[in-house]
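Reviewing the structure listed below.
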Amino acid sequence: MADILPAFPIGLVAFPGEELNLHIFEPRYKQLMHECEKNGITFTVVPYFDGKKAEYAAEMKLLEISKMYPDGKMDVKTKGIGLCRIIDFFDRHPNKLYPGIEIERLAWDDTSDIVLTLDILDQVAVLYDTMNVDNVKIQSPGDFRTYQIAHKVGFNVDQELEFLTLQKERDRQLFMIDHLNKIIPVVEEMEVLKKRAAMNGHFKNVMPRK
């Protein structure tokens, strides 16, 4: 069933389930956030890259306005609650300052496969260890979902946009595993090259051949 929701076009991909912090400074989006707070309406984060809007968007709800600035700017916490296919885009939502989109809400499944989860967590551990990354919080296997680290496994923009279209968590798990299988060898080779490059210019203790 088609519906019209407020739109927040931005140069990033938000995923259902993900918590997203935003700094709001434009008058039209200040109006949107105030209406979300007052009336409990939802809005959409529409990925916008290279002057093109994506075909899918995440439906978001406002969790809280964390900080109000004297000039009306604000920091807000939001969370993705659903997946939408974009049917049409309007520069102005009816009688509002902000844009709107006509959308079709899509089913979005959050049921994970624990075997695939353990595979992902093992591979992510290898990736982060290779890259010396230690500041990413990983949930326990039962609570882990792929969207929690989808911005932190090296997806490019096209991969994130494709990941957004996947309606089942199991499909998202398989997509992430396929990506990790490909990227980890590349990262490992890059780390080897970095170590080799770091040796250049230093005295080396090399035993001559007899």
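Since the structure is predicted, the reported quantities are computational estimates derived from the model, not experimental observations.
- Checked by atom type and distance alone, the side chain of E37 never pairs as donor or acceptor with a backbone atom of I65 at under 3.5 Å.
- The closest donor-acceptor contact from the side chain of R145 to the backbone of D110 lies under 3.5 Å.
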Next item on the list: For V153 and H179, run side-chain contact (heavy atoms from CB on, under 4.5 Å): C-alpha distance rounded to whole Å, both residues' side-chain angles, the deciding distance at 0.1 Å, then the answer.
Entry: CA-CA 8 Å; V153 291; H179 167 73; 4.1 Å; yes
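- Looking at N39, its side chain never comes within 3.5 Å of a backbone N or O of I41 through a donor-acceptor pair.
- Proximity of the aromatic rings of F43 and Y29 is defined here by a centroid distance below 6.0 angstrom, and this criterion is not met.
- In this structure, K73 pairs ionically with D71, as a charged nitrogen and a carboxylate oxygen lie closer than 4.0 Å.
- Side chain of R170 to backbone of L174: no donor-acceptor contact under 3.5 angstrom is found.
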Distance-only criterion, 3.5 Å: show the donor-acceptor pairs between side-chain atoms of residues 4-21 and protein atoms not counting sequence neighbours.
residue, atom, partner, partner atom, Å
E18, OE1, F15, N, 2.9
E18, OE1, H151, NE2, 3.4
E18, OE2, H151, NE2, 3.0

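- Residues meeting the side chain to side chain contact (heavy atoms under 4.5 Å, CB included) test with I81, sequence neighbours left out: T42, E59, K61.
- Between H23 and Y69, the ring-plane angle classifies as perpendicular under the 30° and 60° cut-offs.
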Item checked: Intermediate values then yes/no, side-chain contact (heavy atoms from CB on, under 4.5 Å), Y128 and K152 -> CA-CA 10 Å; Y128 289 173; K152 302 170 183 177; 3.4 Å; yes
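- In this structure, the side chain of D50 does not engage the main chain of K52 through any donor-acceptor pair within 3.5 Å.
- Linking ILVMFWY residues whenever their side-chain heavy atoms come closer than 4.5 Å, directly or via other members, places L106 and F175 in the same cluster.
- Put simply, the side chain of Q159 gets close to the backbone of N156: a donor and an acceptor are under 3.5 Å apart.
- Ring geometry, W108 versus Y147: the interplanar angle falls from 30° to 60°, so the pair is classed tilted.
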